[in-house]
Amino acid sequence: MTRLNVSTYTAELAASLAVPDQVSDPDGHPQSLSRGAAGVALLHIERAAAGLGDWTTAHSWLTIAASGLITASPQANLLFGAPALAYVLHGAAAPGRYERALAKLDAQITGLTRQRLNQANNRIDRGERPSLAELDLFKGLTGLGAHLLRRHPGSEVLAEVLAYLVRLTRPLGRDDLPGWWTHEAPSGRRANRATGGHGNLSMAHGISGPLALLSLATVRGIVVDGQTDAIRRICDWTDTWRQAHPAGSWWPEVVTLEEAMTGQTRQPAPARPSWCYGTPGHARAQQLAGIALGDIDRRRHAEHALQGCLADPRQLDRITGPGLCHGWAGLLHTSRRIAATADTAALTDSVNNLTGRFPDLPSNLEPGFLSGAAGLALTLTSVATEQPITSWDACLLLDPPYDQNG
């Protein structure tokens, strides 16, 4: 796909999502960033900020996203409720625009974050294993931290989230398992045969999310006691599970208790190269850790892992969908973000070649942000503008390590 075709196609895709009455909400939750109106609003905010769309369309989607009672319960998270709406509104904020709404949401988010932190710290004090929903990016404190790093980087509550993540990386003292080892069985095909919980390495649900957040905060000068040591502890564990491959290093999706005891993963080869669980997401977290630690070798190893992945047609053929989470848009956008900060120019050529592998799209492409048309259009808009204008990708921990006041 040529540059002109990217721009034309993206404009058409955005136009198909312009009129709310003509776009269905698949899960009936407007305040969902993942699948609802909030995610579509994020697209139109980015396009308006880039001069490619209009603020009237963005405001119409924001109005729908904010309709009804906004969820601010302890179950609210980066993808749903008050944090999701505040995340979207932040990109549209300007003096005199959405200030009162954001102030109210800020207070709610601070309250629910501290409530979640209190529960998590009490759990650590009791020596109990965490749930993924406590710590992960989508539902947990890492996601709330990602929002706070974008919106209130100097806040006390962000420092409290970072301090919790430092505690999370420390062993609970009963065994050799890391502090983030969850009591829950992994999802999918391993669920029925895995006992003893698991260690999740992914960006979306596992320890790569906290690693990326801690590293981003460190590079931006936001550091709490023990933060650098926490980054190193995570890196030591992920290094243990890094696998050699002719196409470049890769990391397993999860580690079961049986695997932890034997020191061997049963995953035979790299999984699909997705942002959420695959090599691109791992490589981004490792690259950020290398920058935060001043570890040039780690940074280069992460970038080489991605370059090998992009050169391996067997891995690329595993990507069958268009979405951000585990599809082509996520592979492309993650790769572009890594290449923009990479220590080698060769990676840029690989990413440019990737743009031409535009996938066949399903006829019933849903409108959402994580797996649908809004996320795809945001990715392609960022190709046309060279980089995001509103740091819309901070919710994926893909925003630049150096603060651009996005």
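Both backbone and side-chain heavy atoms feed into the values below; hydrogens, waters and symmetry mates do not.
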Please give me the minimum heavy-atom distance between [X] and [Y], naming the atom from each residue.
| X | Y | answer |
| --- | --- | --- |
| I64 | P20 | CD1-CB, 3.1 Å |
| L397 | A212 | CD1-CB, 3.9 Å |
| A305 | S249 | CB-O, 3.6 Å |
| A37 | W61 | CB-CE3, 3.7 Å |
| R233 | G226 | NH2-O, 4.4 Å |
| L316 | L331 | CD2-CD2, 3.8 Å |

Quick one: are [X] and [Y] in side-chain contact, heavy atoms under 4.5 Å?
| X | Y | result |
| --- | --- | --- |
| L102 | L89 | yes |
| E259 | R266 | yes |
| Q227 | T218 | yes |
| R170 | I124 | no |
| Y98 | V88 | no |
| W275 | L398 | yes |
| V219 | L288 | no |
| W250 | Q267 | yes |

Between E303 and Q287: side-chain donor-acceptor atoms closer than 3.5 Å: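 Yes, side-chain donor-acceptor contact under 3.5 Å.
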
Donor-acceptor pair between T381 and E46 side chains, under 3.5 angstrom: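 The answer is no; no qualifying pair exists.
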
Side-chain donor or acceptor of [X] paired with backbone N/O of [Y] under 3.5 Å:
| X | Y | answer |
| --- | --- | --- |
| H147 | L78 | no |
| S208 | L201 | yes |
| W181 | G196 | yes |
| Q387 | T385 | no |
| R299 | T341 | yes |
| R116 | P74 | yes |
| T71 | A76 | no |
| N353 | D349 | yes |
| T113 | T110 | no |
| N118 | R114 | no |

Pair [X] + [Y], salt bridge at N-O below 4.0 Å:
| X | Y | answer |
| --- | --- | --- |
| R123 | E134 | yes |
| D54 | R47 | no |
| D125 | R167 | yes |
| R220 | D399 | yes |
| R298 | D239 | yes |

For Y87, is the NZ or CZ atom of R150 found under 6.0 angstrom from the centre of its six-membered ring and inside 45 degrees of the ring axis?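 Verdict for Y87: a cation-pi partner in R150.
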
I want to check a possible cation-pi pair here: R129 against W180, using under 6.0 Å from ring centre and within 45° of the ring axis as the test.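 No, cation not above the ring by the 6.0 Å, 45° rule.
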
With rounding to the nearest 0.5 angstrom, report the [atom1] to [atom2] distance, [X] to [Y].
| X | Y | atom1 | atom2 | answer |
| --- | --- | --- | --- | --- |
| R314 | D312 | CZ | CG | 4.5 Å |
| L117 | Y164 | CG | OH | 8.0 Å |
| I207 | S202 | CD1 | OG | 10.0 Å |
| T182 | H205 | OG1 | NE2 | 12.0 Å |
| L324 | C276 | CG | SG | 10.5 Å |
| L396 | C325 | CG | SG | 8.5 Å |

L141/L165 under side chain to side chain contact (heavy atoms under 4.5 Å, CB included): CA gap, chis, key distance, verdict: CA-CA 9 Å; L141 283 159; L165 292 177; 5.6 Å; no

Chi angles and distances behind the side chain to side chain contact (heavy atoms under 4.5 Å, CB included) call for R336, V383: CA-CA 9 Å; R336 293 185 73 246; V383 172; 3.9 Å; yes

Evaluate side chain to side chain contact (heavy atoms under 4.5 Å, CB included) for S32 paired with F80, printing each intermediate quantity in order. CA-CA 5 Å; S32 168; F80 187 78; 4.0 Å; yes

Walk me through it: do H333 and W392 pass the test ring-ring contact (aromatic ring centres under 6.0 Å, His included)? CA-CA 12 Å; H333 192 69; W392 62 263; 4.7 Å; yes

So, for H245 and W251, is the gap between ring centers shorter than 6.0 Å?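 Not close enough - the centres of the two rings lie 6.0 Å or further apart.
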
Count the heavy atoms belonging to other residues, nucleotides or ligands that lie under 6.0 Å from CG of N122, then report whether that count exceeds 12.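 Yes, because the 6.0 Å sphere around CG of N122 holds more than 12 heavy atoms from other groups.
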
Could you check whether atom CZ of R126 has more than 12 heavy atoms from other residues, nucleotides or ligands sitting under 6.0 Å from it?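 Buried by this count: over 12 neighbours within 6.0 Å.
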
Check the pair E366 / S371 against side chain to side chain donor-acceptor pair (under 3.5 Å), numbers first and verdict last. CA-CA 8 Å; E366 58 107 339; S371 300; 4.7 Å; no

Determine, stepwise, if the pair V351 / L310 fulfils side chain to side chain contact (heavy atoms under 4.5 Å, CB included). CA-CA 8 Å; V351 174; L310 297 182; 4.0 Å; yes

